[in-house]
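Here, residue 1 is the first one in the sequence, and each next residue gets the next number. Order of appearance sets the numbers: ligands from 1, and atoms from 1 within every ligand.
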Amino acid sequence: MTTAAAPSALAPASLDPMSRELVELVAAQDPEVACFMAQEAERQATTLELIASENHVTPAVMHAAGSWLTNKYAEGYPGKRYYGGCEFHDRIEDIARERAKQLFKCGFANVQPHCGANANIAAFMALLDPGDTVLSLPIKSGGHLSHGLKPNFSGTFYRIAEYGLDPKTELLDYEEIARIAGETKPKLIICGYSAYPRTIDFARFRAIADSVGAFLMADIAHIAGLVATGVHPSPFPHAHVVTTTTHKTLRGPRGGLILSDDPEIATKVDRKVFPGSQGGPLMHIIAAKALAFGEALKPEFTAYSRQVVANARALAAELVKRSYRLCSGGTDNHLMLVDLRTRDADLTGADAEKWLESAGIIVNKNGIPNDPRPPMVTSGLRLGTPALTSRGLREAEMANVAGWLDRVMGAKGAAAECAAVRSEIRAFCGRFPMPH
Ligand code: DSN
């Protein structure tokens with residue numbers, strides 16, 4: 001347990017100057033909170049982040065999210081607010097909307113959803129009535145809880161039909177999805193996932209949706225940055241609605257976004273975001289989204305996205321060399337699902353996650369298709385390369401990463417081996433600073 005220290009001693013040397021100032025400012029008022037903020041900065045800087053849904057934003061995006069824009073209520077939309085004093089907020093939200101449209105080449109953008117799940121709530125409300133049928137991939141096969149999990153709003157208020165993955169190939173089986181759609185007659189089909197390592201054929205999904213008169217929603221939360229840069233095919237013009245988070249491969253602040261090309265649907269989406277499901281928008285986060293979208297429009301971000309995928313392929317190949325089976329045999333995007341059982345039948349995702357964290361490698365346990373183990377144990381890990389790539393790691397370093405992963409798991413988390421790997425990773429991280 002760390003105790004309070006002098007404000008200047010709390011800010012790790014690796015922080016950018018504004019973040020150091022921030023820690024010192026918070027520490028002067030509240031050392032108890034500041035000390036944990038500082039330790040978290042240190043943790044991020046000295047560990048390898050392989051959680052596929054996380055990333056490291058630039059200092060500009062981070063500080064916009066922590067700015068005075070947090071002080072304002074701006075319920076409504078640009079030009080139609082319920083509060084005075086919104087002149088500059090209108091400008092910022094317009095910039096964010098315009099950049100989102102440019103980035104994803106579509107006609108309408110709502111930048112107000114507080115997160116991806118909120119974006120999905122508004123999209124469901126815009127397209128469906130309670131009790132309507134939704135066809136989606138369940139979370140146990142790589143889907144998301146907001147696509148129909150029973151305790152979630154989606155599973156509570158809508159009838160959920162499911163499609164799965166081909167049990168042999170662990171790929172989407174479009175013929176089978178078409179057959180289930182014909183049987184269940186959904187009003188909405190969802191594609192886009194949290195743990196699917198392969199390319200999604202959006203045109204094929206639209207043809208299935210059309211064959212049963214359903215809407216198609218693509219939740220591109222994971223692959224948004226790849227889509228924006230053409231590294232993964234776009235859901236436009238196929239999907240009626242596209243939802244996403246802004247903080248994964250897109251490398252923006254934590255938040256949601258809804259896109260569409262249909263003016264009627266876009267009007268409904270706007271109403272269902274506000275006043276349908278949210279109150280005041282988080283204007284500091286919308287400013288940070290505007291900045292992140294601006295970054296994503298630059299050629300450097302296309303190079304970054306390509307490198308994310310190249311790194312994922314290299315990491316996948318290094319793991320296969322070390323006897324790990326990858327679900328579906330590999331990856332086309334930023335993530336891979338590792339079946340630990342081929343390395344060691346007793347290895348569980350839960351143990352691996354814990355051991356790796358002690359060695360400075362941050363991952364999440366993840367069920368693999370048809371996993372015999374429960375969700376809090378699992379037989380797999382989901383690994384992603386967006387955050388490592390933001391620190392400048394390239395293909396060559398993926399061999400180091402796979403080597404450390406394997407040493408920790410091969411030693412079954414033995415304390416001495418984890419400590420040795422931890423100190424190697426600490427030194428290695430010094431060569432790959434956080435975005436600054
Ligand atoms: N929790 C996110 C993920 O890790 O994929 C999805 O919301």
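- Of all atoms in ligand 1, listed by their number and element, those nearer than 4.0 Å to a heavy atom of Ser53 are 3 (C), 4 (O), 5 (O).
- For Phe153 and Phe124, the ring centers are positioned less than 6.0 Å apart.
- No more than 12 heavy-atom neighbours from other residues, nucleotides or ligands sit within 6.0 angstrom of CZ on Arg159.
- Ile180 and Leu135 get closest at one heavy-atom pair: CG2-CD1, 3.8 Å.
- Regarding atom 7 (O) of ligand 1, its nearest protein heavy-atom neighbour is His144 NE2, 2.8 Å.
- Residue contact check for ligand 1: Glu54 places no non-hydrogen atom closer than 4.0 Å to it.
- A tilted orientation is assigned to the rings of Phe205 and Tyr163, their planes being inclined by 30° to 60°.
- For His247, no heavy-atom contact with ligand 1 is shorter than 4.0 Å.
- The protein reaches atom 5 (O) of ligand 1 closely, with a heavy atom under 4.0 angstrom from it.
- Relative ring orientation between Tyr304 and Phe301 is described as tilted, the plane-to-plane angle lying within the 30° to 60° band.
- Less than 4.0 angstrom separates some heavy atom of His222 from each of these atoms of ligand 1: 3 (C), 5 (O).
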